[in-house]
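Lettering of chains follows the sequences in order, A, B, ..., and the numbering in each one begins at 1. Atoms considered below: every heavy atom in the structure, side chains included; atoms not considered: hydrogens, waters and symmetry mates.
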Amino acid sequence: MQLKCSLKAALLGATLLAAAGSAHAQNVTLRALMEDVPETQIIEKLLPEFEKETGIKIEFEKIGYGDMHDKLVAQLVSPESYYNVLEVDFLWAGEFPTAGWLEDLNPYIAKSGFDLKPFIPSMLELLGQTKDATPILPMYNYSMGLIYRADLLDDAKVKADYKAKTGKELALPKTLAEYVELSKFFKAGGNVVGAAMQAQRGDPNAMEFSNYLFSSGGAYLDAGRKVVLNSPEGLTALKLYADNVQNGAQQGALSATLDDTMRLMCAGKAFSMVTYWWMLPQLDNKEKCPEVAGKLALSVMPGGHGESGGWGWGIPKNTSDESKAAAWKFIEWVQGKKVSIARALEGHAPVRSDVFEDEAVLKKYPFYKTGLDIVASGKSFPIFAYSAQYEDVLGAQLSLAAGGQAKPEDALKAAADGLTQLLAK
Amino acid sequence: MRVPAFADRDWRTGWAFAAPGLLTLAVVMGFPLVYAALISLSSLTLLKPMLQPFVGLKNFATVMADPLFWSALWLTIKYSLVTVLGEFVVGLGIALMLNRTVTMKPVYFAVLTIPMAMSPVSVALIWRMLLQPNLGIANQVMESLGLPRIDWLGNADLALWTMAAIDIWQQTSFVVLILAAGLASLPRDPYEAAEVDGATPLQQFWYITLPMLRPVAAIAVIIQLINEFRTYDLPYILTKGGPGNATEVLSFFAYRRAFLGLSLNEGAAAAFVLLLIVLGLTILFFATLERRR
């Protein structure tokens, strides 16, 4: 009888403690610094549902990509981070865990029984998963492909002009060289520029150039992580990149960012842009971009490989246990199958294969099939502790070469040397 | 018998009044400064956030061995001199006009202070949109006048000067205010005497206005030089230091070292070099003030 009473008391105590803990978690307000892109807006729309289900409030602070790293680092090195759930770019997936700023999510995954199997393995790897730890859970992918004006490729007059000038039939380019040639043809025509390019120094041009590099058959590192950027393929890629900036792209490409290229494409003033595949519905939109709606198509980067990237969720170490528990609850909810499908139906770029294959998703967005091809064929920028700095080192050299201030050979050598030095740091 | 200073009542009252301000300054300025000095002499990076071991002047040597540091320093000097010269010439012209204006003076001053009241980040964002080569207003105006479109921020030869022009647009009003105040305080007697002697307006300006305005003008120039040496917001928003390294000024160089390179120690060393330059200008500023007295 006494044992029974003791057990009951213990059970009651445990229940009360758990309830108190849960009530405490409900009092937590989660704060996340988010990139101001469609994906964030899609999740934001669903947040009331999460708050209703869990009682946990969540606030998104939306800013441009360029300011995110510095704001996050300032919080992560402070005694307590203001942001208690983190949106982490794959470029920081080397730096943040190396610095010891992120919780390992494996204990949370094991405790909640969250199933990682549907996640595309390359996405987990891209975001720093090792056999021992999962510092970041994939959120969405941003692999890059080619968005182009299908109506211009089908235009009889353009076809005739192209044939007259080049002796070749106008078609979707299969190689990078063909793409740059086509881009220059359109610019020379005067009606539209061939490519809306984001060649501003830093993240914009480093990401854009990576597509050119992979399409030419080049790479940053070999399988043994030896730097192989300075290769004939790399040089071809850089020469074609500089050629397109100078002769195929819009005026001001060297100071342009993603926003500038989107505006240009939306205004119907460019034939193509190398960009994130899920940007298609943003541009193919009658209300936002009436000039080009219904005229656009998506393909894998000419040459067969584009840059693959992704964002993930992390939990900072320098927050309270209650915050961490609430943060995991949110991550588990937002990356679960149900919410992922709801997000995909609004244009989310999935990281789960079961979402890519979902019937409702494919029915609404047939181009997700091409999206999966782009993700599957994508290659990654080198991920290590100094990836963000390397973007800047590479970006400066690309900018010098594309602006005609340095020879492509010299710029490529400097970019390769910079990578070697940073890898050894 | 001489009373010790601390025993004097006025002395104690003075310190009592000054103490809160001095204490605040020590906390918000002194502590970060000392800490930054320690960081610049240490091996602290964002990946290894420990001050020890101290490495002496190694970070300064590393930073100065980078050719980009010297390029950034040279760009900073060029940029600062050009912007301050531009602000002074335009500012003096406006101040002279305002000095002769009788009606609606407060309205002109109110309008002139608008750019100064705006944050440099907002100014940079607005100008970035105006100067957008394909969709911006500036090039549409150029085109309507039959002039060619210009790649304001994407051309390596032009980007720094475009940035300087934006800076001049924003900062000139500060110079106008100081010079206008200086002009208003000049005595009338020398001008009346000059008129009696038949001096032309240009001679009056050259031989009376400029010499008498010199102390005020020197203050305006030195304050602006200090400001311009620290410029960071405009390159950050407008160009991110590009194209190439065409707009990478010293403060942006220090930022890149610290936050992109994760080397707070090297960033702090670069920032200290900048601090030394600004400190030199500040000493010059106070020396000018002393001479004025």
For each of B:Gly244, B:Ala258, B:Ala246, tally heavy-atom pairs with chain A at distances under 4.5 Å, and name the one with the top tally. B:Gly244
Segment of A:Ser387 engaging chain B (4.5 angstrom heavy-atom cut-off): neither
I'd like to know whether OH of B:Tyr232 has more than 12 heavy-atom contacts from other residues, nucleotides or ligands below 6.0 angstrom. yes
Quick one: what part of A:Gln251 sits under 4.5 Å from any heavy atom of chain B, side chain, backbone, both or neither? both
Please round to the nearest 0.5 Å and tell me the distance separating atom CZ of B:Phe259 and atom CG of A:Leu72. 12.5 Å
Contact between B:Leu260 and A:Tyr386 at the side-chain level, heavy atoms closer than 4.5 Å - yes or no? no
In Å and rounded to the nearest 0.5 Å, what is the CD to OG distance from B:Gln132 to A:Ser255? 7.5 Å
With rounding to the nearest 0.5 angstrom, report the CG to OG1 distance, B:Asn134 to A:Thr261. 11.0 Å
Using a distance-only test with no angle check, is there a side-chain donor-acceptor pair under 3.5 angstrom linking A:Lys425 and B:Ser263? yes
Which heavy atom of A:Trp101 sits nearest to which heavy atom of B:Leu46, and what is that distance? CZ2-O, 3.6 Å
Count the heavy atoms of every other residue, nucleotide or ligand shown that sit under 6.0 Å from CZ of B:Phe54, and state whether that count exceeds 12. yes
Determine the option with the most heavy-atom pairs under 4.5 angstrom with chain B, choosing from A:Gln200, A:Glu391, A:Arg263, A:Gln250. A:Gln200
Locate the shortest heavy-atom distance separating B:Pro133 from A:Gly252; write the atom from each residue and the value. CG-CA, 3.4 Å
Could you pull out the closest heavy-atom pair between A:Glu95 and B:Leu262, with the gap in Å? OE2-CD2, 3.1 Å
Count the heavy atoms belonging to other residues, nucleotides or ligands that lie under 6.0 Å from CD1 of B:Ile137, then report whether that count exceeds 12. no
Under 4.5 Å from a heavy atom of chain B, the part of A:Asn205 involved: neither
Side chain, backbone, both or neither of A:Gln397 within contact of chain B (heavy atoms, under 4.5 Å): neither
Which atoms of B:Ile150 approach chain A - backbone, side chain, both or neither, heavy atom under 4.5 Å: backbone
Shorter than 4.5 Å, heavy atoms on both sides: which option in A:Val77, A:Leu398, A:Leu422, A:Leu254 has the most such pairs with chain B? A:Leu254
For the pair B:Arg128 and A:Asp260, find out whether any cationic side-chain nitrogen is under 4.0 Å from an anionic carboxylate oxygen. yes
Contact winner vs chain B - A:Val193, A:Asp67, A:Val73, heavy-atom pairs under 4.5 Å: A:Asp67
If one checks every heavy atom of B:Asn139 against chain A at 4.5 Å, the contacting part turns out to be side chain
Please report the interatomic distance CZ(A:Arg201) to OG1(B:Thr247), rounded to the nearest 0.5 Å. 7.0 Å
Non-hydrogen atoms of A:Ala396 and B:Asn245 that approach each other most closely: CB-OD1, 3.8 Å
All pairs passing salt bridge (Lys or Arg N to Asp or Glu O under 4.0 Å) where residues 129-154 of chain B contributes a residue, at least two apart: B:Glu143-B:Arg149
Could you tell me which of B:Gly261, B:Gly241, B:Ala159, B:Ala156 has the largest number of non-hydrogen atom pairs under 4.5 Å with chain A? B:Gly261
When rounded to the nearest 0.5 angstrom, what is the spacing between CG in B:Leu135 and NZ in A:Lys269? 5.5 Å
Do any of residues 57-87 of chain B come closer than 4.5 Å to chain A, heavy atom to heavy atom, and if so which ones, in number order? none
